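What you see below is based on every heavy atom in this structure, not just the backbone, and it leaves out hydrogens, waters and symmetry mates. Residue numbers run from 1 in the order of the sequence given. What you are looking at is a predicted structure, and each value in this text was computed from that prediction instead of being measured.
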Amino acid sequence: MTTNKKKSRIIVFIIVLLLALLFVYPLFLIVLNSVKPLAQILTDPLGMPKKMQMAENYQKAFEEIDVLRVVLNTAVLTALSVAGITLLSAMTAYWTQRYPTRFSKLFETLVVLSMLIPFASLMLPLVQVMKALYINNTMFGTVLTYWGIGLAFAFFMMQSAVKGLPVELEESARIDGCSRTKVFFSVIIPLLKPTMVSVILMDMFWIWNDFIVPLIMMNNDRLMTIQLAISRLFGQYSSKWHVALPALVMTMLPIIIVFVLLQKKIMDGVIAGAVKG
């Protein structure tokens, strides 16, 4: 029996290792090709570099797409969007679950309906509305768009978590003199932390790597994000792979660093959220 368990563990380990290599290999190719001359990238993308051109490629990428500016723009956009989605979803989930009224039921129905509408059908009306409100080509307009798109899924995650919270804790806090607002921020928010971590993690990677929303909402060089900046390196007649690949490596680093630094909290949050669910 023990021998069979060891064999099973070895097989599982080999499968997991192969899957890990499968997902890591494209990243390895990006890093590998980022130090090659353009000619070798085009003719031998899978081979080892015959001539190292790391300094030239990275310097050119840094200057051509203005890495610091686009990373800062993307970081600000991601932080504001994720913070808004997380807070709004927690507040609306708590409201609909603890204070069921005709309005809260109507809101919940509208959220469900919003998930059934494909985003592609909303792009043109969205741009027209933003123009009418004079917030197109602005950071605020783009953040507002992400709030609207990301609220539905986060709302249902938060609502499920709120259902599992004991009402007695809120009643005790109210007996002690806490207002509804204080109960929410002092009692409910700490208890929702595992679910909030899951929402933050998913939305952070989504918004950081998103291309469509910035493309239609921020056609502005001053507010350009990472994905928009890199896309401009590819044209109809030429593609600047020797600039795009180093740019990809540099712009992936911040999100990888965040993930590594917060890995323990992220895993604790996901596991706790799964157990709670």
Item to complete: Quick one: do Tyr146 and Leu80 satisfy side-chain contact (heavy atoms from CB on, under 4.5 Å)? Show the steps, please.
Response: CA-CA 9 Å; Tyr146 276 122; Leu80 294 176; over 6 Å; no

Worksheet item: Around Arg69, counting heavy atoms of other residues, nucleotides and ligands shown, do more than 12 lie under 6.0 Å from its CZ?
Response: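 Above 12, so yes.
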
Discussion item. More than 12 heavy atoms of other residues, nucleotides or ligands under 6.0 Å from CE of Met115: yes or no?
Written reply: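 It does: Met115 CE has more than 12 such atoms within range.
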
Is [X] linked to [Y] within one hydrophobic cluster, defined over Ile, Leu, Val, Met, Phe, Trp and Tyr using a side-chain heavy-atom separation of less than 4.5 Å?
{"X": "Val112", "Y": "Leu122", "result": "no"}
{"X": "Leu106", "Y": "Tyr99", "result": "no"}
{"X": "Phe119", "Y": "Leu228", "result": "yes"}
{"X": "Tyr58", "Y": "Leu32", "result": "no"}
{"X": "Met250", "Y": "Leu68", "result": "yes"}

Taking the side chain from [X] and the backbone from [Y], do they hold a donor-acceptor pair closer than 3.5 Å?
{"X": "Asn57", "Y": "Lys36", "answer": "yes"}
{"X": "Gln40", "Y": "Lys50", "answer": "yes"}
{"X": "Gln97", "Y": "Ser160", "answer": "no"}
{"X": "Thr74", "Y": "Ile226", "answer": "yes"}
{"X": "Asn73", "Y": "Arg222", "answer": "yes"}
{"X": "Thr251", "Y": "Leu248", "answer": "yes"}

For a quick test of reading the model, state the closest non-hydrogen atom pair linking [X] to [Y] and the distance between them.
{"X": "Ile85", "Y": "Gly150", "answer": "CG2-O, 3.6 Å"}
{"X": "Leu233", "Y": "Ala244", "answer": "CD1-CA, 3.5 Å"}
{"X": "Met158", "Y": "Val199", "answer": "CE-CG2, 4.0 Å"}
{"X": "Ala61", "Y": "Val67", "answer": "O-CG2, 3.9 Å"}
{"X": "Ala247", "Y": "Ile65", "answer": "CB-CD1, 3.4 Å"}
{"X": "Leu77", "Y": "Ser81", "answer": "O-OG, 2.7 Å"}

What I'd like to find out is whether the side chain of [X] reaches to under 4.5 Å of the side chain of [Y], using heavy atoms alone.
{"X": "Met204", "Y": "Thr78", "value": "yes"}
{"X": "Thr145", "Y": "Ile216", "value": "no"}
{"X": "Tyr94", "Y": "Leu192", "value": "no"}
{"X": "Trp95", "Y": "Phe184", "value": "no"}
{"X": "Trp241", "Y": "Asn33", "value": "no"}
{"X": "Asp203", "Y": "Phe153", "value": "no"}
{"X": "Trp208", "Y": "Thr225", "value": "no"}
{"X": "Ser198", "Y": "Met157", "value": "yes"}

With rounding to the nearest 0.5 angstrom, report the [atom1] to [atom2] distance, [X] to [Y].
{"X": "Glu64", "Y": "Arg232", "atom1": "CD", "atom2": "CZ", "value": "12.0 Å"}
{"X": "Leu113", "Y": "Leu110", "atom1": "CG", "atom2": "CG", "value": "6.0 Å"}
{"X": "Arg180", "Y": "Ile188", "atom1": "CZ", "atom2": "CD1", "value": "13.0 Å"}
{"X": "Phe140", "Y": "Leu144", "atom1": "CZ", "atom2": "CG", "value": "5.0 Å"}
{"X": "Thr195", "Y": "Gln159", "atom1": "OG1", "atom2": "CD", "value": "12.0 Å"}
{"X": "Thr101", "Y": "Phe107", "atom1": "OG1", "atom2": "CZ", "value": "11.5 Å"}

Practice prompt. Decide yes or no on side-chain contact (heavy atoms from CB on, under 4.5 Å) for Thr142 and Met130, but give the supporting numbers first.
Written response: CA-CA 9 Å; Thr142 310; Met130 291 301 177; over 6 Å; no

Worksheet item: Can Asp66 and Met224 be said to form a side-chain contact (heavy atoms from CB on, under 4.5 Å), step by step?
Response: CA-CA 10 Å; Asp66 197 355; Met224 191 176 295; over 6 Å; no

Worksheet item: When you look at Val127 and Asn136, which way does the side-chain contact (heavy atoms from CB on, under 4.5 Å) test go after all the steps?
Response: CA-CA 7 Å; Val127 172; Asn136 62 308; 5.7 Å; no

